[in-house]
Protein chains: 2
Amino acid sequence: MDHLIEKTISKKEIYKGKIINLQVEEVQLPNGNTSSREIVKHPGAVGVIALTKDHKIIMVRQYRKALEKILIEIPAGKLDAGEKPIDCANRELEEETGYHATSLEYIVSFYTSPGFADEKIYLYFAEHLTTGVRKPDEDEFLDLLEVSLEEAEQMIDNEEIHDAKTIYAVSYVKGLLEAKKSN
Amino acid sequence: MDHLIEKTISKKEIYKGKIINLQVEEVQLPNGNTSSREIVKHPGAVGVIALTKDHKIIMVRQYRKALEKILIEIPAGKLDAGEKPIDCANRELEEETGYHATSLEYIVSFYTSPGFADEKIYLYFAEHLTTGVRKPDEDEFLDLLEVSLEEAEQMIDNEEIHDAKTIYAVSYVKGLLEAKKSN
């Protein structure tokens with residue numbers, strides 16, 4: 001695969017932030033020419049697809065400053081330094097929703113924006129939930145919702161649900177509930 | 001929904017690049033406290049789910065510098081300034097694969113990383129393809145592949161396919177082919 005690989009010639013740190021870092025790399029292309037790549041470094045994240053006993057999906061409504069818009073999303077959050085994705089998933093589910101999962105099943109992981117960022121998100125599935133106390137981060141404000149599959153599909157249509165992980169989550173739940181029905 | 005909204009107090013441009021810009025905003029939280037938000041501005045993108053007559057999915061193999069990794073993805077690319085997503089989808093499909101779609105159907109759009117970026121990707125579906133000549137960007141090196149649904153699912157398992165839009169695309173094709181089978 002050497003005919004595809006870009007080699008780093010030099011790397012410049014542009015910004016080190018609370019959550020993301022930005023660097024610009026000068027690279028040698030496979031044909032010997034040079035180009036630059038703008039790269040956002042991110043710690044990675046998890047999302048939790050949590051289903052109540054009556055097949056409602058647990059969601060949070062949250063303002064997203066990057067979009068200047070309120071979105072409805074599955075509970076999710078960034079990995080702390082050295083934190084295992086599954087521990088992060090348990091933590092974020094409890095912090096954001098108050099629900100505790102007796103077990104979490106790993107579903108899939110994906111890079112969100114491979115063209116410019118290294119963010120990778122891990123998705124977990126949870127059933128058999130017990131309730132506890134919500135304790136969101138001090139700069140995090142969110143509403144808790146439980147929505148049926150039909151409601152979630154409508155929210156995709158009207159773009160209240162409008163992010164990659166949550167749209168994936170809804171299609172996952174759809175497949176799961178169809179499989180349960182046909183069993 | 002005022003109990004969720006964050007108001008901009010000030011905005012600082014950190015970086016203006018070829019593809020992304022970075023800004024840091026100081027915001028007033030719903031409880032009156034202040035915090036900062038790191039925001040990556042991106043022009044938006046499209047991805048094309050293109051299916052050949054014998055139900056192969058058209059993919060490109062490409063090195064992603066942000067990940068230091070080769071990925072297999074659906075054809076995709078950034079919106080040019082003022083470009084309509086559907087025009088971008090036609091353009092990127094032709095540039096990256098040489099295929100031309102007689103018609104493109106809009107499927108869904110989603111934000112890839114609402115926590116820190118405004119990138120929105122629009123996905124289109126194409127059948128009835130005609131072949132032409134590939135003309136990738138001068139700093140773009142990629143292999144063209146046609147993969148069956150089963151091969152694509154295996155590529156997800158072994159993480160050769162590992163990004164949000166392509167994983168969504170594979171689940172879309174799965175649903176489509178199942179629907180065709182049962183009709």
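Treat the numbers as computed from the prediction; the structure is a model and nothing was measured. The sequence lines fix the lettering, A, B, ..., with proteins before strands; numbering per chain opens at 1.
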Task: chain B-proximal positions within residues 107-118 of chain A [heavy-atom distance under 4.5 Å] - done: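 Near chain B, by residue number: Val108(A), Ser109(A), Phe110(A), Tyr111(A), Thr112(A), Ser113(A), Pro114(A), Gly115(A), Phe116(A), Ala117(A), Asp118(A).
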Task: Connected-component partners of Ile39(A) among ILVMFWY, side-chain separation under 4.5 Å - done: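 Its cluster partners, ordered by chain and number, are none at all.
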Tell me which donor-acceptor pairs under 3.5 Å the side chains of residues 72-79 of chain B have, and how far apart each pair is, sequence neighbours excluded?
{"from": "Glu73(B)", "atom 1": "OE1", "to": "Arg64(B)", "atom 2": "NH2", "distance (Å)": "2.9"}
{"from": "Glu73(B)", "atom 1": "OE1", "to": "Lys165(B)", "atom 2": "NZ", "distance (Å)": "2.7"}
{"from": "Glu73(B)", "atom 1": "OE2", "to": "Arg64(B)", "atom 2": "NE", "distance (Å)": "2.8"}

Answer with side chain, backbone, both or neither: which region of [X] has an atom nearer than 4.5 Å to a non-hydrogen atom of chain B?
X: Lys120(A); answer: side chain
X: His42(A); answer: side chain
X: Ile70(A); answer: side chain
X: Leu71(A); answer: side chain

Open item on the list: Let's test your reading of the structure: which of Ile20(A), Ile167(A), Ile14(A) forms the most heavy-atom pairs below 4.5 Å with chain B?
Closed with: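 If we count pairs closer than 4.5 Å to chain B, Ile20(A) comes out on top.
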Open item on the list: So which residue, Glu140(A), Arg37(A), Lys65(A), ends up with the most heavy-atom pairs under 4.5 Å with chain B?
Closed with: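 Option with the top pair count is Lys65(A).
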- [ ] For each of Pro30(B), Ser35(B), Gly175(B), tally heavy-atom pairs with chain A at distances under 4.5 Å, and name the one with the top tally.
- [x]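 Ranked by contacts with chain A, first place is Pro30(B).
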How long is the gap from [atom1] on [X] to [atom2] on [Y], to the nearest 0.5 Å?
X: Leu22(B); Y: Leu22(A); atom1: CG; atom2: CG; result: 5.5 Å
X: Tyr168(A); Y: Ser171(B); atom1: OH; atom2: OG; result: 6.5 Å
X: Gln62(B); Y: Glu6(A); atom1: CD; atom2: CD; result: 8.5 Å

- [ ] Report, by ascending residue number, the residues of residues 145-161 of chain B in heavy-atom contact with chain A at a distance under 4.5 Å; give 'none' if the set is empty.
- [x]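 If one takes a 4.5 Å heavy-atom cut-off, the residues of residues 145-161 of chain B near chain A are Ile156(B), Glu159(B).
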